[in-house]
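This structure is a prediction, so every number in the text was calculated from the model and none was measured.
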Amino acid sequence: QAQLVESGGGSVQAGGSLRLSCASSGHTYASVIMAWFRQAPGKEREAVAAIYMNGGTSSYADSVKGRFTISRHSDKKTIHLLMTNLKSADTAMYYCAAGSAYGLSAWSNSGRYGFWGQGTQVTVSS
């Protein structure tokens with residue numbers, strides 16, 4: 001059974017930094033794309049960033065470009081999200097997701113991902 005476990009969330013003041021991690025196990029995708037999504041209270045889930053685990057190509061939402069960096073561990077089963085210059089608008093539950101790298105949907109389409117973590121809360125205070 002596939003499992004994604006997030007860690008690293010917490011509370012930080014605006015302008016601060018946090019590093020999220022997501023460890024994956026059990027999935028059977030031949031090639032994987034992993035992503036971070038977030039959902040704030042009363043809002044829809046939105047894509048934040050994604051990375052192809054084999055080639056390392058990454059993509060970002062416009063709202064986080066230049067502030068967030070997604071990376072993969074050498075074991076190709078763990079990803080990180082370094083979040084800098086955090087803003088109150090970044091406050092949300094952050095979810096890790098995994099899907100097939102051969103999927104036809106855009107990286108930002110939540111339907112592309114078959115496995116999701118339970119989420120980790122990020123709270124940014126101004």
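The hydrophobic cluster around Leu104 extends to none of the other residues, as no ILVMFWY side-chain heavy atom falls under 4.5 Å of it. Grouped by direct or indirect side-chain proximity (heavy atoms under 4.5 Å, Ile/Leu/Val/Met/Phe/Trp/Tyr only), Leu82 sits alone.
Among residues at least two apart or in separate chains, there is no disulfide (SG to SG under 2.5 Å) pair with a member in residues 31-67. Counting only residues at least two apart or in different chains, ring-ring contact (aromatic ring centres under 6.0 Å, His included) contacts with residues 35-65 comprise Phe37-Tyr113, Phe37-Trp116.
Proximity of a side-chain donor or acceptor of Arg112 to a complementary backbone N or O of Ala101 within less than 3.5 Å is detected. A donor-acceptor pair is defined here as one N or O able to donate and one able to accept, closer than 3.5 Å; such a pair exists between the side chain of Glu6 and the backbone of Cys96.
Legend: residues meeting side-chain contact (heavy atoms from CB on, under 4.5 Å) with Ser71, ordered by chain and number and at least two apart, are His80. With sequence neighbours left out, the side-chain hydrogen bond (donor to acceptor under 3.5 Å, both in side chains) criterion links Tyr94 to Arg38. Remark: Asn54 pairs with Ser31, Lys76 by the side-chain contact (heavy atoms from CB on, under 4.5 Å) rule, at least two apart or across chains. Take Arg67 and apply the salt bridge (Lys or Arg N to Asp or Glu O under 4.0 Å) test, not counting sequence neighbours, and it matches Asp90. Contacts of Ser7 classified as side-chain contact (heavy atoms from CB on, under 4.5 Å), with partners at least two apart in sequence or in another chain: Ser21. Scanning for side-chain hydrogen bond (donor to acceptor under 3.5 Å, both in side chains) contacts around Lys65 gives Asp62, with sequence neighbours left out. For Ala89, there are no side-chain contact (heavy atoms from CB on, under 4.5 Å) partners two or more places apart in sequence or in a different chain.
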Side-chain atoms of residues 117-125: list all donor-acceptor pairs with protein atoms under 3.5 Å, sequence neighbours left out, distances to 0.1 Å.
unit_1: Thr120; atom_1: OG1; unit_2: Gly9; atom_2: N; d: 3.2
unit_1: Gln121; atom_1: NE2; unit_2: Ala92; atom_2: O; d: 3.4
unit_1: Gln121; atom_1: NE2; unit_2: Thr123; atom_2: OG1; d: 3.4

